[in-house]
Enquirer: 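Please read through the structure below; I'll follow up with questions.
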Amino acid sequence: MQQVDTLLHIANFSTLFVCMVLKFPQIFVLMRAKSTTGVSLNSLLLELIGFIVFVTYQMYYDYPPPTYLEYPILIAQDVILLLLILHYNGSLRQSLIYAVVFVGGWRLLTLEKWIIDLAMSLCTFISAASKFAQLQCLWRSKDGRQVSALSWALATYTCMARIYTTTVTTGDVQVLVRFIAMTLLNLWVLLTVLHYQRRGSSSKKKD
């Protein structure tokens, strides 16, 4: 039992630590490149929706804070990424519209129990759609230079850690299914990014 508790603490705190810097590599890549080629705005918006639904669900049902503490941090980092993408796309004014929609949607989630339950049942599909949107953006642009492989590798690790923490704490099947699906999809995006980055490097060498 003590070993399980130790592993649980390691998984919780390592996940929290990783999430504190998870989006930083992507933020730095964008700031350096001043270009959003290969980075999907739709993917980021869907990810934000998924994060907001997930953390609201966990708080609504009084789940242990260490099992979801990283999500407010991830939401803050995604907001910074969103502002950067809008800035480099020349559409920063739209940020106010997104802010109103996200805050209004978050308030709506907690009005009734059935609303948050329904939102959570759709959360896995929303988060999965965000990964597919990023994959489509990469397939279309065939350019992974502005996408941080490190950020996607860290995201894959955190989802794997959450499979373990969910199994030994709440055992919530919906949450568990979500993390398994996110692990596989994050890994898929990571491998796709690495593929296009390697292909870009090979093309440069040939030139």
Enquirer: Using atom types as modelled and distance alone, determine if a side-chain donor or acceptor of Q26 lies under 3.5 Å from a backbone N or O of S151.
Expert: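 Absent.
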Enquirer: Set out, in order, the CA-CA distance, both residues' side-chain angles and the distance that settles side chain to side chain contact (heavy atoms under 4.5 Å, CB included) for Q58 and V175, then state yes or no.
Expert: CA-CA 9 Å; Q58 299 262 352; V175 175; 3.9 Å; yes
Enquirer: Could you tell me the separation between the OG1 atom of T165 and the CG atom of L176, rounded to the nearest 0.5 Å?
Expert: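 Answer rounded to 0.5 Å: 9.5 Å.
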Enquirer: Say whether, by atom type as modelled, one donor and one acceptor occur between the side chain of K142 and the main chain of W139 under 3.5 angstrom.
Expert: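 Yes, the answer is positive, given that a donor and an acceptor are paired below the 3.5 Å cut-off.
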Enquirer: When you measure from the side chain of T166 to the backbone of I163, do you find a donor-acceptor pair of N or O atoms at a distance under 3.5 Å?
Expert: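 Not a single qualifying donor-acceptor pair exists.
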Enquirer: Determine whether a donor-acceptor pair (N or O, by modelled atom type, separation under 3.5 Å) exists between the side chain of Q134 and the backbone of N42.
Expert: no
Enquirer: Considering non-hydrogen atoms only, spot the tightest contact between L138 and T192 and give its length.
Expert: CD1-CG2, 4.0 Å
Enquirer: Going by the angle between their ring planes, with limits at 30° and 60°, are F179 and Y71 parallel, tilted or perpendicular?
Expert: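 Aromatic pair F179/Y71 classed tilted.
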Enquirer: Can any side-chain N or O of S130 pair as donor or acceptor with the backbone N or O of L46 at less than 3.5 Å?
Expert: no
Enquirer: Are R178 and S127 side-chain neighbours, meaning at least one heavy-atom pair lies under 4.5 Å?
Expert: yes
Enquirer: Please report the shortest heavy-atom distance between L30 and S35, naming the atom on each side.
Expert: CD2-O, 3.2 Å
Enquirer: Any side-chain heavy atom of K131 within less than 4.5 Å of one from W188?
Expert: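 Heavy-atom side-chain distance check fails, nothing below 4.5 Å.
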Enquirer: Check the hydrophobic clustering (I, L, V, M, F, W, Y; side-chain heavy atoms under 4.5 Å; chains of links allowed) and say if F125 and L44 are grouped together.
Expert: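 Cluster IDs for F125 and L44 differ.
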Enquirer: Are the side chain of E47 and the backbone of A129 linked by a donor-acceptor contact shorter than 3.5 Å?
Expert: no
Enquirer: Looking only at the side chains, is there a donor atom on one of Y60 and D117 sitting less than 3.5 Å from an acceptor on the other?
Expert: no
Enquirer: Does any N or O in the side chain of Q146 come within less than 3.5 Å of the main-chain N or O of G38, such that one atom is a donor and the other an acceptor?
Expert: no
Enquirer: Starting from the C-alpha separation in whole Å, work towards a yes-or-no answer on ring-ring contact (aromatic ring centres under 6.0 Å, His included) for Y157 and W152.
Expert: CA-CA 9 Å; Y157 166 76; W152 285 100; over 10 Å; no
Enquirer: For residues M31 and Y88, report the shortest heavy-atom separation together with the two atoms involved.
Expert: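 Shortest heavy-atom contact: CA-OH, 3.5 Å.
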Enquirer: Are V103 and L83 connected, step by step, through hydrophobic side chains (Ile, Leu, Val, Met, Phe, Trp, Tyr) whose heavy atoms are closer than 4.5 Å?
Expert: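 They do not share one cluster, since no chain of ILVMFWY contacts under 4.5 Å joins V103 to L83.
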Enquirer: Quick one: CG on D78 to CD1 on I49, what's the gap to the nearest 0.5 Å?
Expert: 11.5 Å
Enquirer: Determine, using the 4.5 Å side-chain heavy-atom cutoff (strictly less than), whether L122 and W114 are members of one ILVMFWY cluster.
Expert: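 Cluster IDs for L122 and W114 match.
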Enquirer: Quick one, T156 and M160 - any side-chain contact, counting heavy atoms below 4.5 Å?
Expert: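 When only atoms from C-beta onward are counted, M160 and T156 do touch, with a gap below 4.5 Å.
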Enquirer: When rounded to the nearest 0.5 angstrom, what is the spacing between CD1 in I27 and CG in L22?
Expert: 10.0 Å
Enquirer: Please check if the side chain of T158 supplies one atom and the backbone of A155 the other of a donor-acceptor pair under 3.5 Å.
Expert: yes
Enquirer: Out of curiosity, F54 CZ to M120 CE, how far, rounded to the nearest 0.5 Å?
Expert: 5.0 Å
Enquirer: Let me see the working for Y98 and L86 under side chain to side chain contact (heavy atoms under 4.5 Å, CB included), right down to the final yes or no.
Expert: CA-CA 11 Å; Y98 288 126; L86 292 175; 3.9 Å; yes
Enquirer: On the ring face of Y196, is R145 found with NZ or CZ under 6.0 Å from the centre and within 45° of the axis?
Expert: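 So R145 doesn't make the cation-pi contact.
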Enquirer: How many angstroms lie between atom CG of L92 and atom CD1 of I85, to the nearest 0.5 angstrom?
Expert: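 L92 atom CG to I85 atom CD1 measures 12.0 Å (nearest 0.5 Å).
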Enquirer: Run through the side-chain heavy atoms of Ile, Leu, Val, Met, Phe, Trp and Tyr, join any pair under 4.5 Å, and report what else lands in V29's cluster.
Expert: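 Once heavy-atom contacts under 4.5 Å are chained together, V29 still belongs with nothing else.
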Enquirer: For I52 and W106, work out which heavy atoms get closest and say how close.
Expert: CG2-CD1, 3.9 Å
Enquirer: Pair Y57, D172 - check side chain to side chain contact (heavy atoms under 4.5 Å, CB included), show working.
Expert: CA-CA 12 Å; Y57 175 86; D172 190 312; 3.0 Å; yes
Enquirer: Can you confirm whether C137 sits close enough to V147 that some side-chain heavy atom of one is under 4.5 Å from a side-chain heavy atom of the other?
Expert: no
Enquirer: Do L190 and L194 have side chains that get closer than 4.5 Å, going by heavy atoms?
Expert: yes
Enquirer: Measuring centre to centre across the rings, with the benzene-like ring taken for any Trp, is F17 within less than 6.0 Å of F13?
Expert: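 F17 vs F13: aromatic centres not under 6.0 Å.
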Enquirer: Look up atom CZ in R140 and atom CG in L135, then write down how far apart they are to the nearest 0.5 Å.
Expert: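 These two atoms lie 11.5 Å from each other.
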Enquirer: Treating N89 as the side-chain partner and S91 as the backbone partner, does any N or O pair qualify as donor plus acceptor under 3.5 Å?
Expert: no
Enquirer: Mind checking whether I126 and L108 sit in one hydrophobic cluster, side chains of I, L, V, M, F, W, Y counted as touching below 4.5 Å?
Expert: yes
Enquirer: Among all residues two or more places apart in sequence or in another chain, which pass the salt bridge (Lys or Arg N to Asp or Glu O under 4.0 Å) test with R162?
Expert: E70
Enquirer: Less than 4.5 Å apart, side chain to side chain, heavy atoms only: is that true for E112 and I115?
Expert: yes
Enquirer: So, do S121 and Q174 sit near enough that their side-chain heavy atoms are less than 4.5 Å apart?
Expert: yes
Enquirer: Could you check whether any side-chain heavy atom of P72 comes within less than 4.5 Å of a side-chain heavy atom of V55, counting everything from C-beta outward?
Expert: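 P72 vs V55: side chains touch.
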Enquirer: Would V177 and F51 show up in the same hydrophobic cluster when neighbours are defined by side-chain heavy atoms closer than 4.5 Å?
Expert: no
Enquirer: Go through Y164 and N12 one step at a time and tell me if the side chain to side chain donor-acceptor pair (under 3.5 Å) criterion holds.
Expert: CA-CA 10 Å; Y164 175 74; N12 279 328; over 6 Å; no
Enquirer: Using every non-hydrogen atom in the two residues, find where A161 and T15 come nearest and quote the distance to one decimal.
Expert: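 Closest heavy-atom pair between A161 and T15: CB-OG1, 3.2 Å.
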Enquirer: Set out, in order, the CA-CA distance, both residues' side-chain angles and the distance that settles side chain to side chain contact (heavy atoms under 4.5 Å, CB included) for L187 and T183, then state yes or no.
Expert: CA-CA 6 Å; L187 186 59; T183 298; 5.7 Å; no
